[in-house]
Amino acid sequence: MNKKSLGINTICTHVGGIDDTQFKGAISPIYMSTSYAFDDVAIKRYPRYLNTPNQEALCKKIAALEKTESALIFGSGMAAISTTILSFLKQGDHIVLQQTLYGGTYNFVLEEFKKFGIEYSFTKDLDIISFKECIQPNTKVIYVETPSNPLLTITDLQAVSDLAKSKDIVTIIDNTFASPINQTPIDFRIDIMIHSATKYMGGHSDILAGAVATTNEFIEKIWNTAINLGGSLSDFTVWMLERSLKTMNLRVKCQSENALKMANYLESNPNIAKVYYPGLESHLNHELAKKQMKGFGGMLSFELNEGIDAVEFQRKLQLIKPSMSLAGVESTMLNPAVASHALLSPEERANQGITDGLIRFSVGIEETEDLIADIEQSLEQILK
Ligand SMILES: *Cc1c(COP(=O)(O)O)cnc(C)c1O
């Protein structure tokens with residue numbers, strides 16, 4: 001085709017598939033082999049080497065979505081995160097991490113880094129000055145996550161990459177919450193994009209996977225560490241993920257539209273004390289979100305009025321399920337204080353603004369009228 005750049009739905013459906021030359025089937029065949037004959041000594045295909053036919057094909061789709069040269073896929077988001085971070089740091093190196101991070105990443109830093117002698121600093125807030133203050137002569141990486149979990153705060157990607165580039169520091173973003181549909185950080189010269197593909201890329205709450213997208217040069221560096229750490233995934237999962245990605249734009253667009261409607265509804269509900277959603281004008285970072293995001297995503301959080309028990313409120317919901325994970329086509333809610341952030345101390349939670357009454361809401365593709373009716377009936381039962 002004589003066209004420079006393909007549309008997003010075309011990339012989702014067509015890029016990185018495998019042609020079924022044998023039967024001309026409509027979808028990619030799945031190759032489950034762990035053993036491939038050598039017809040050329042240079043090609044050693046093996047699932048842990050992340051180079052099976054299905055793995056290589058899917059990486060092309062993910063690279064196209066993040067507008068990078070190359071990508072790698074892993075058995076989980078944490079495998080992608082730990083492998084990428086460890087491939088850029090050695091004993092005595094330093095990394096700057098933003099204050100509000102996914103709980104698993106936070107624990108990885110706290111529990112594993114001391115074993116490797118890697119130094120780290122957490123920024124005291126998301127202002128670029130806090131990032132500057134953390135930088136040391138041995139800083140090799142700046143790691144950000146925006147929008148963040150669970151308060152949907154926004155980090156200024158252009159400011160972070162300008163700061164890093166001026167000091168030869170590599171920038172890594174966990175782009176899970178936005179997905180490549182709502183945010184392509186390479187537009188702001190961020191170097192490496194990571195995803196928990198368990199979330200919006202998978203989108204149906206049935207796949208555990210991770211992805212990294214960046215330059216050929218960095219992918220080679222990450223690959224060298226990846227084959228030693230062994231966080232690869234099954235080709236069946238790869239194949240499922242390829243299928244899921246075909247509808248990612250449709251799903252995420254619908255989820256983002258629904259989340260904006262739900263945020264507006266919740267903000268107007270007198271039983272809700274506060275709503276956090278980057279698409280709301282009341283959100284602290286709304287202007288910045290408008291600048292660097294194409295849509296505001298399907299995640300929001302809110303605080304019930306004091307005196308309304310968050311756990312009781314969720315128990316009385318009929319349609320919206322309480323769930324640890326997020327980003328599925330079905331709406332789910334979670335109470336960070338007792339679930340995703342339960343491992344943090346009460347002081348650490350308070351530091352990050354996570355109160356006991358806070359509820360994180362992963363908005364699905366249902367009609368918002370039905371979601372609103374569910375919330376109304378739960379509140380009615382509690383308040384009567
Ligand atoms: C879920 C999640 C992860 C970890 O991904 P897994 O697939 O569970 O290993 C990392 N970052 C964010 C923002 C997440 O939501």
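For ligands, and for the atoms within them, numbers begin at 1 and follow the listed sequence. For clarity, every value in this text was computed on a predicted model and none was experimentally measured.
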Enquirer: Decide whether S148 and T153 meet the rule of one side-chain donor and one side-chain acceptor closer than 3.5 Å.
Expert: yes
Enquirer: Are any of the heavy atoms in D174 under 4.0 Å away from ligand 1?
Expert: yes
Enquirer: With a cut-off of 4.0 Å, which atoms of ligand 1 are near a heavy atom of S76?
Expert: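 Near S76, the atoms of ligand 1 are 7 (O), 9 (O).
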Enquirer: Looking only at side chains, do Q98 and T100 share a donor and an acceptor under 3.5 Å apart?
Expert: yes
Enquirer: How far is atom 8 (O) of ligand 1 from its nearest protein heavy atom, and which residue and atom name does that atom have?
Expert: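 The closest heavy atom on the protein side is Y102 OH, 4.0 Å.
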Enquirer: Answer side chain, backbone, both or neither: which part of I81 comes under 4.0 Å from ligand 1, heavy atoms only.
Expert: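 It is the side chain that gets close, since no backbone atom is under 4.0 Å.
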Enquirer: Write out the residue and atom name of the closest protein heavy atom to atom 5 (O) of ligand 1, then the distance separating them to 0.1 Å.
Expert: S196 OG, 2.9 Å
Enquirer: When only distance counts, is M78 in polar contact with ligand 1, meaning an N/O pair under 3.5 Å?
Expert: yes
Enquirer: In terms of side-chain geometry, is the basic nitrogen of K165 or D191 positioned less than 4.0 Å from the acidic oxygen of its partner?
Expert: yes
Enquirer: Taking N or O atoms only and a 3.5 Å limit, does G77 qualify as a polar contact for ligand 1?
Expert: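 In this structure, G77 places an N or O atom under 3.5 Å from an N or O of ligand 1.
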Enquirer: Could you check whether K261 makes a cation-pi contact with Y265, meaning its NZ or CZ is under 6.0 Å from the centre of the six-membered ring and within 45° of the ring axis?
Expert: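 Not flagged: K261 not positioned over aromatic ring of Y265.
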Enquirer: Counting N and O atoms only, with roles assigned by atom type, does the side chain of R251 sit under 3.5 Å from a partner on the main chain of S244, one being a donor and the other an acceptor?
Expert: yes
Enquirer: Can the ring centroids of Y102 and F177 be said to lie less than 6.0 angstrom from one another?
Expert: no
Enquirer: Measure from the side-chain N and O atoms of Q292 to the backbone N and O of Q183, and report whether any donor-acceptor pair falls under 3.5 Å.
Expert: no
Enquirer: Looking only at distances, can you tell me whether any N or O atom of T198, backbone or side chain, sits closer than 3.5 Å to an N or O atom of ligand 1?
Expert: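 Yes, since at least one N or O of T198 sits under 3.5 Å from an N or O of ligand 1.
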Enquirer: Look at atom 15 (O) of ligand 1 and say which protein heavy atom is nearest, naming residue and atom and giving the distance to 0.1 Å.
Expert: K199 NZ, 2.7 Å
